Amino acid sequence: MPELPEVEVTRIGISNYINSNTIKRIVAYSTNLRWPISPDIFSILPGETINSVERRGKYLLLKCQSGILLIHLGMTGQLRIVTTTCTPEKHDHLDIVFIDEVVLRLNDARRFGSVFWVDSNLEHKFIEQMGPEPLSEEFDGNYLYQKSRGRKIIVKKFLLDQQVVAGIGNIYANEALFHAGIHPSIPAGRISKVRYKNLVVAIKLVLATSIKLGGTMIDFRDGTEKNGHFPQKFSVYNRSGRPCTICGTQIQYKRVMRRSIYFCKSCQK
DNA sequence: CGAACGACCTGCAGGC
DNA sequence: TGCCTGCAGGTCGTTC
């Protein structure tokens, strides 16, 4: 499930192959992702050179001369670097073919991902409304504290709001709350500034650690199944019934508002 | 404005 | 064996 670390690891991985490379053509095997892929890209992209590969929250930004290609991987989206001789498989939707025959191929089984083309002098509304990058200095305890005043939603859901902070998903929200010792079901507006400072430290730590370890499930190179090593570091996520790494209490699992929460009832208050 | 929920989609696990 | 149900996940759009 691509969250910020997975997108970042993907960004670094594909950059080596596509940065400064020029697009030859676009091939679509299906265009109905979360939204139809902008038909513009078939005529605009050929001839464009990738000037930089950037990331904003969970979005990848392929910056070209005349605009930006935004890619969101949804839940199951994966980008792979292949060659033109590599035949497409099930759930492959889009090829960005470069002049040196390198292909950036998008695969997305559940099709929650999306691809947008935006004119360079327009900001896309989804990006525009997005909160700060969690690894930036701008994102600190004071910011979260101020942002949460008056909010009644539970803190775990608050962290998933991309307008609050960009790039956090269910896995890292659960993990960060554990490391900060905060119960996921507490209303966001009732948490002290000190606790938010601890939470921000925890968020930055879990995200940075995951990026360093290669995320949770990344595989961008042709043929080589190279999974990230972060799952081995999970403290609560997907560990229902297993002992807490700190106190040994069984990790709790609950469905709250159609989302899974994992926590230690002894360590998180 | 905030909160809650439906919808989108597919693969997989579990129950019968 | 095979069908059915529920769950997993992100997030936009709609409704209250």
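Every heavy atom of this structure was used, including side-chain atoms; hydrogens, water molecules and symmetry mates were not. Residue numbering restarts at 1 for every chain, and letters A, B, ... go by the order of the sequence lines. Please read these numbers as outputs of a predicted model, since none were measured by experiment.
- Taking atom CE of residue A:Met130 and atom P of nucleotide C:dC12, one finds them 7 Å apart after rounding to whole Å.
- Summarising the geometry, the separation between CH2 on A:Trp35 and C1' on B:dC8 is reported as 10 Å, rounded to the nearest angstrom.
- Taking the side chain of A:Arg111 as heavy atoms from C-beta on, and the options C:dC12, C:dT11, B:dC9, the nearest nucleotide is B:dC9.
- Between B:dT10 and A:Lys90, no contact under 4.0 Å exists linking OP1 or OP2 to a side-chain N or O.
- Of the residues A:Asp108, A:Ile26, A:Ile37, the one that meets the side-chain contact (heavy atoms from CB on, under 4.5 Å) test with A:Val115 is A:Ile37.
- In the set C:dC12, C:dT11, B:dA4, the nucleotide with an atom closest to the side chain of A:His72 is C:dT11.
- Distance CD1 (A:Ile37) to C1' (B:dC8): 15 Å, rounded to an integer number of Å.
- Side chain A:Arg110 to base C:dG10: no donor-acceptor pair is found below 3.5 Å.
- When distances are taken from the side chain of A:Met257 to each of B:dA4, B:dG2, C:dG10, the shortest belongs to B:dA4.
- Heavy-atom contacts from other residues, nucleotides or ligands closer than 6.0 Å to NZ of A:Lys204 number more than 12.
- Between A:Phe112 and C:dT11, no base-stacking contact is recorded for ring centres under 5.5 Å apart and planes less than 30° from parallel.
- In this structure, the CG atom of A:Leu70 is 19 Å from the P atom of C:dG10, given to the nearest Å.
- Rounded to a whole Å, the CD atom of A:Gln129 is 9 Å from the P atom of C:dG13.
- At most 12 non-hydrogen atoms from other residues, nucleotides or ligands lie less than 6.0 angstrom from CD of A:Glu137.
- The CG-P distance, from A:Leu160 to B:dG2, rounds to 17 Å in whole Å.
- At the phosphate of B:dC9, neither OP1 nor OP2 sits under 4.0 Å from any side-chain N or O atom of A:His91.
- Proximity of A:Lys157 to the phosphate of B:dA4: no side-chain N or O atom is located under 4.0 Å from OP1 or OP2.
- Using a 4.0 Å cut-off, no side-chain N or O of A:Arg34 falls inside it from OP1 or OP2 of C:dG10.
- Nearest to the side chain of A:Arg259, among C:dT11, C:dC7, B:dA4, sits C:dT11.
- Checked against a 6.0 Å centroid threshold, the rings of A:Phe234 and A:Tyr262 do not count as neighbours.
- Following rounding to the nearest Å, A:Phe126 (CZ) and C:dC12 (C1') show an atom-to-atom distance of 6 Å.
- When the P atom of B:dG2 is taken as reference, atom CG of A:Asp161 falls 9 Å away, rounded to whole Å.
- A:Tyr196 pairs in a side-chain contact (heavy atoms from CB on, under 4.5 Å) with only one of the listed residues (A:Val155, A:Asp140, A:Val201), which is A:Val155.
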